[in-house]
Amino acid sequence: MNISRRRGTIATFITLGVLLAGVAVFLSVPWIILNEARALYVVLGIILFAVLVAGVVLNTIFLVREVRRNERQDSFLNAVTHELKTPIASIRLYLETLQRRSTAVDEAQRQQFYGIMHADSDRLLATVEQVLKAGELGQRQRQLNRVPIDLESLVSECIGVILQRHHLAPEAVILQPVPGAVRLPISGIPEDLRTAVLNLLDNAVKYSPAGVHITCRLAITRYTWVTLTITDTGLGIPANQYKRIFHRFYRVPGRDLVKIKGTGLGLFLVRTIARQHGGDVTATSPGPNLGTTITFKLPLANKEA
């Protein structure tokens with residue numbers, strides 16, 4: 001189903017709902033007027049009329065949401081297919097080159113091919129792990145295996161991974177010193193929190209096509225929360241998309257989705273992990289092409305924990 005057909009379907013359901021509500025009003029109001037002398041009938045008529053209109057409205061809302069959910073799932077399938085096929089095709093091409101022209105390829109070129117294939121296999125593995133993680137986190141609340149974690153150390157480790165993964169200079173992603181040099185202990189699942197921070201940093205890099213300039217800040221807020229804010233200078237987010245970007249499979253419309261790869265699961269994973277750890281995540285942006293600030297909030301671990 002293409003975009004025009006989806007919009008036509010949504011318009012059809014909305015029109016149908018409005019027509020049914022209008023028919024209900026047209027049939028119910030004369031009946032109430034004719035029976036206004038009978039108080040009981042009038043009350044029952046008003047109640048039934050309200051129930052009928054509410055049912056029509058709820059049914060229309062449900063159908064529109066289903067159409068939009070199917071649209072997001074189709075976009076997700078297309079994105080995942082692309083994310084899986086591209087590295088597989090690349091790896092196969094270089095393997096065939098090495099197999100057919102093994103004597104013509106010198107050692108330096110051979111090592112270059114190995115490096116590209118290794119990077120493609122990492123990309124393929126990351127996509128598969130992201131899909132599996134989304135299914136795992138979306139089905140159950142993870143409460144086990146929680147350990148004390150120093151958030152500053154975890155963020156520093158993730159920054160190192162991102163710098164190496166995207167071949168960035170050290171000044172591209174900066175972690176500012178914690179005010180007062182205080183420790184930021186939290187309790188959680190290291191693997192999940194590492195996944196969340198990596199996804200936030202990876203998004204900041206991907207959506208900064210003109211140059212990567214990312215600033216990370218850690219601080220204690222209201223004495224009981226640790227906040228990680230990640231600010232980039234990239235494409236930015238429209239104000240009406242602040243909450244939608246954390247939905248499963250959702251990607252902001254209007255962006256060049258062909259050049260910017262993604263499955264629409266990264267920020268969904270971040271929000272799920274944050275909420276399972278008792279925190280939350282929010283997004284703000286000054287406007288298009290003015291960058292984005294993501295605030296990742298977690299509760300401080302108490303001394304007893």
Side-chain angles (χ1 to χ4, degrees), residues 126 129-130 133 137 141-208 211-234 236-237 242-243 245-246 266-286 290-305:
E129 287 180 343
Q130 191 175 60
K133 177 73 73 173
L137 293 177
Q141 295 287 330
R142 304 188 70 186
Q143 300 293 340
L144 302 177
N145 302 323
R146 299 205 171 192
V147 298
I149 301 171
D150 182 66
L151 188 57
E152 184 178 11
S153 300
L154 186 143
V155 173
S156 298
E157 177 188 341
C158 292
I159 290 175
V161 172
I162 291 297
L163 292 176
Q164 183 178 11
R165 178 183 297 175
H166 295 278
H167 309 289
L168 298 172
E171 60 271 15
V173 185
I174 298 174
L175 175 60
Q176 293 189 345
V178 179
V182 297
R183 292 181 59 84
L184 304 173
I186 59 173
S187 177
I189 303 173
E191 176 189 354
D192 289 355
L193 292 174
R194 191 175 294 110
T195 297
V197 176
L198 285 174
N199 272 303
L200 291 176
L201 292 171
D202 197 56
N203 262 20
V205 173
K206 288 194 302 184
Y207 290 102
S208 299
V212 179
H213 304 284
I214 301 171
T215 302
C216 303
R217 299 180 181 86
L218 285 165
I220 295 178
T221 58
R222 298 183 180 179
Y223 305 102
T224 57
W225 297 94
V226 179
T227 56
L228 166 64
T229 57
I230 298 178
T231 303
D232 62 62
T233 57
I237 304 174
Y242 289 167
K243 294 183 179 180
I245 59 174
F246 297 104
L267 292 179
F268 165 77
L269 287 175
V270 173
R271 185 183 67 172
T272 302
I273 292 170
R275 290 183 175 179
Q276 289 182 352
H277 283 77
D280 205 353
V281 60
T282 56
T284 57
S285 174
L290 295 177
T292 303
T293 297
I294 302 291
T295 302
F296 186 71
K297 183 173 71 172
L298 295 171
L300 271 172
N302 54 47
K303 296 181 178 180
E304 290 76 9

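The figures here come from the full heavy-atom set of this structure, side chains too, leaving out hydrogens, waters and symmetry mates.
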Side chain to side chain contact (heavy atoms under 4.5 Å, CB included), that's the test. Do Val226 and Lys297 meet it? Break it down for me. CA-CA 6 Å; Val226 179; Lys297 183 173 71 172; over 6 Å; no
Decide yes or no on salt bridge (charged side-chain N to carboxylate O under 4.0 Å, His left out) for Asp280 and Arg275, but give the supporting numbers first. CA-CA 5 Å; Asp280 205 353; Arg275 290 183 175 179; 3.5 Å; yes
Starting from the C-alpha separation in whole Å, work towards a yes-or-no answer on side chain to side chain contact (heavy atoms under 4.5 Å, CB included) for Tyr242 and Ile237. CA-CA 7 Å; Tyr242 289 167; Ile237 304 174; 4.1 Å; yes
Carefully, step by step, assess Ile189 and Gln276 under the rule side chain to side chain contact (heavy atoms under 4.5 Å, CB included). CA-CA 10 Å; Ile189 303 173; Gln276 289 182 352; over 6 Å; no
Step by step, work out the side chain to side chain contact (heavy atoms under 4.5 Å, CB included) result for Trp225 and Leu298. CA-CA 6 Å; Trp225 297 94; Leu298 295 171; 5.7 Å; no
Please step through side chain to side chain donor-acceptor pair (under 3.5 Å) for the pair His166 and Asp202, ending with a clear verdict. CA-CA 9 Å; His166 295 278; Asp202 197 56; 2.6 Å; yes
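Nearest approach of Cys158 to Arg194, heavy atoms of both residues: SG-CG, 3.7 Å. In plain terms, the two heavy atoms of Asn199 and Leu269 that are nearest each other are ND2-CD1, 4.0 Å. The two residues Ala204 and Ile214 have their closest heavy-atom pair at CB-CD1, 3.5 Å. Looking at every heavy atom in both residues, Gly291 comes nearest to Pro286 through O-CD, 3.4 Å. Residues Arg271 and Val281 come closest through the heavy atom pair CA-CG1, 3.6 Å. The shortest heavy-atom contact between Leu193 and Ile149 is CD1-CD1, 3.6 Å.
A 4.5 Å side-chain heavy-atom check between Leu228 and Val155 finds at least one atom pair inside the cut-off. Within the 4.5 Å cutoff, the side chain of Leu200 has heavy atoms near those of the Phe296 side chain. Contact check for Asp150 versus Pro185: no side-chain heavy atoms found under the 4.5 Å cut-off. Looking at Ile162 and Val205, their side chains come closer than 4.5 Å, going by heavy atoms from C-beta outward. Under the 4.5 Å side-chain criterion, counting only non-hydrogen atoms from C-beta, Cys216 is in contact with Ile159.
Not one N or O on the side chain of Ser285 forms a donor-acceptor pair closer than 3.5 Å with the backbone of Gly236. Side chain of Asp232 to main chain of Thr292: a donor-acceptor pair is present (N/O by atom type, distance under 3.5 Å, no hydrogens or angles).
In the model, Thr231 has a side-chain atom that pairs as donor or acceptor with a side-chain atom of Thr293 under 3.5 Å.
The distance from atom CG of Asp192 to atom CD1 of Ile273, rounded to the nearest 0.5 Å, is 5.0 Å. The distance from the CD1 atom of Ile294 to the OG1 atom of Thr227 is 13.5 Å, given to the nearest 0.5 Å.
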Only pairs under 3.5 Å count here: list side-chain donor-acceptor contacts from residues 167-182, not counting sequence neighbours, and write none if there are none.
unit_1, atom_1, unit_2, atom_2, d
Gln176, OE1, Arg217, NE, 3.2

